[in-house]
2 protein chains.
Amino acid sequence: MYIKKTTPTLNCGLDLVGEVLYGKWKIRILWFIHNGNVRPSELQRKIPDVTRRVLNVQLKELEDHELVTKTIYPVLPPKVEYRLTEFGKTLIPLIQSIGLWGDEHQERLRRVILKTNGKLDLDDVPVS
Amino acid sequence: MYIKKTTPTLNCGLDLVGEVLYGKWKIRILWFIHNGNVRPSELQRKIPDVTRRVLNVQLKELEDHELVTKTIYPVLPPKVEYRLTEFGKTLIPLIQSIGLWGDEHQERLRRVILKTNGKLDLDDVPVS
DNA sequence: CCGGATCCTCTGAGATACTG
DNA sequence: CAGTATCTCAGAGGATCCGG
């Protein structure tokens, strides 16, 4: 899940949040970082579908938006760590609530999503 | 602000929420509908930047996902009303929390967003 | 282990015009 | 007032390769 940039006019709080959370993997990244320092390679293992390039791009944006900080250790092999800023941490409860809501309504959500996507499991559909 | 479809594998609640909230205007639509019945023309006045086509597409998806219901009155001129389902209503507190967080951190958010976008309001910048 | 640069794909969403 | 059909396009994000 991710939130995407949209509004030309940034009036309400909802718009502003959209700006900083925009990006396909932002929310997941924040979630995985939320308890401790994380290295890029760990992140990639946790989120296997994202490529390194995109991961870096989105981390950079999160950094620019002051939600995470990046620490570079001048060692060999290179070591980099990300962690949430205090500001970033204030976002975690929200992400958690959203995740909880999703968990609570998991069955219904799966049902309506499947219904809509038309990705019915053809395996289960009788030919009749 | 909007949440976009993403995850091929729908494992956690976060992913599921992403599926149903995916769409550039979904969250705003839900927000505007959240206290009462709303007609398409009203929605468009509230969200002037969206086109009728896209509005219809997203409303249809919200309907398919059982977050809103559509009522068609067989009268002339045509009259249509949308309202939240009970399921849809359970989502409102989350949207509200996000909006509140955005409002609370409004100034900081504007700052970092402007900094990043580089879209400084040239009007307000003294020539000096 | 880490990041950056290039190239390419794909699809959501805008514009427009037409019907009931 | 409400809905649908085409056409088009930007740009987010994926694939790959290379360099420190």
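- Look at CG on B/N37: it is 17 Å from C1' on D/dA2, rounded to the nearest Å.
- Spacing between atom NZ of A/K24 and atom P of C/dT9 amounts to 17 Å, rounded to whole angstrom units.
- Residue A/D49 contributes atom CG, which lies 16 Å from atom C1' of D/dA12 at whole-angstrom precision.
- At the phosphate of D/dG3, OP1 or OP2 sits under 4.0 Å from a side-chain N or O atom of B/K70.
- The nucleotide whose nearest atom lies closest to any side-chain atom of A/V50 is, among D/dA12, D/dC1, D/dG14, D/dG14.
- For A/Q58 (side chain) and A/W25 (main-chain N/O), a donor-acceptor pair under 3.5 Å exists by modelled atom type.
- A cation-pi arrangement is not found for A/K70 relative to A/Y82, the charged atom failing to lie both closer than 6.0 Å to the ring centre and inside a 45° cone about the ring normal.
- Between B/L16 and the choices A/V112, A/L109, A/D103, the side chain to side chain contact (heavy atoms under 4.5 Å, CB included) rule is met once, by A/L109.
- Nearest to the side-chain atoms of B/R39 among the listed nucleotides D/dA12, D/dA2, C/dA13 stands D/dA2.
- At least one donor-acceptor pair under 3.5 Å links the side chain of A/K26 to the backbone N or O of A/Y22.
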Under a 3.5 Å cutoff on both atom distances, Watson-Crick or G-U, what's the dot-bracket for DNA chain D ([ ] crossing, | other strand)? ||||||||||||||||||.|

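- In this structure, A/S41 reaches the C/dC2 phosphate: one of its side-chain N or O atoms is under 4.0 Å from OP1 or OP2.
- Within residues 52-67 of chain B, the residues approaching DNA chain C are B/R53, B/V54, B/Q58, by heavy-atom distance under 4.0 Å.
- Residue B/L55 is grouped with residue B/L67 when hydrophobic side chains (ILVMFWY) are merged at heavy-atom distances under 4.5 angstrom, including chains of intermediate members.
- Panel note: side chain B/K115, backbone A/D64; a donor-acceptor pair is recorded below 3.5 Å.
- To the nearest angstrom, P of D/dC1 lies 9 Å from CZ of B/R45.
- Looking at A/R110 and A/E107, no side-chain N of the basic residue comes within less than 4.0 Å of a carboxylate O on the acidic one, giving no salt bridge.
- Every residue meeting the side-chain hydrogen bond (donor to acceptor under 3.5 Å, both in side chains) condition with B/R108, not counting sequence neighbours, appears here in chain and number order: A/E66.
- Of all the residues in residues 75-83 of chain A, A/P77, A/P78, A/V80, A/Y82 reach under 4.0 Å from DNA chain C with at least one non-hydrogen atom.
- Applying the 4.5 Å side-chain rule to ILVMFWY residues, one finds that B/L100 remains a lone member of its cluster.
- No side-chain heavy atom of B/K24 sits under 4.5 Å from any side-chain heavy atom of B/V54.
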Report, one line per pair, each donor and acceptor closer than 3.5 Å where one atom sits in a side chain of residues 34-42 of chain A; sequence neighbours left out.
{"residue": "A/H34", "atom": "ND1", "partner": "A/W31", "partner atom": "O", "Å": "2.8"}
{"residue": "A/N37", "atom": "ND2", "partner": "A/E81", "partner atom": "OE1", "Å": "3.2"}
{"residue": "A/E42", "atom": "OE2", "partner": "A/R39", "partner atom": "N", "Å": "3.1"}

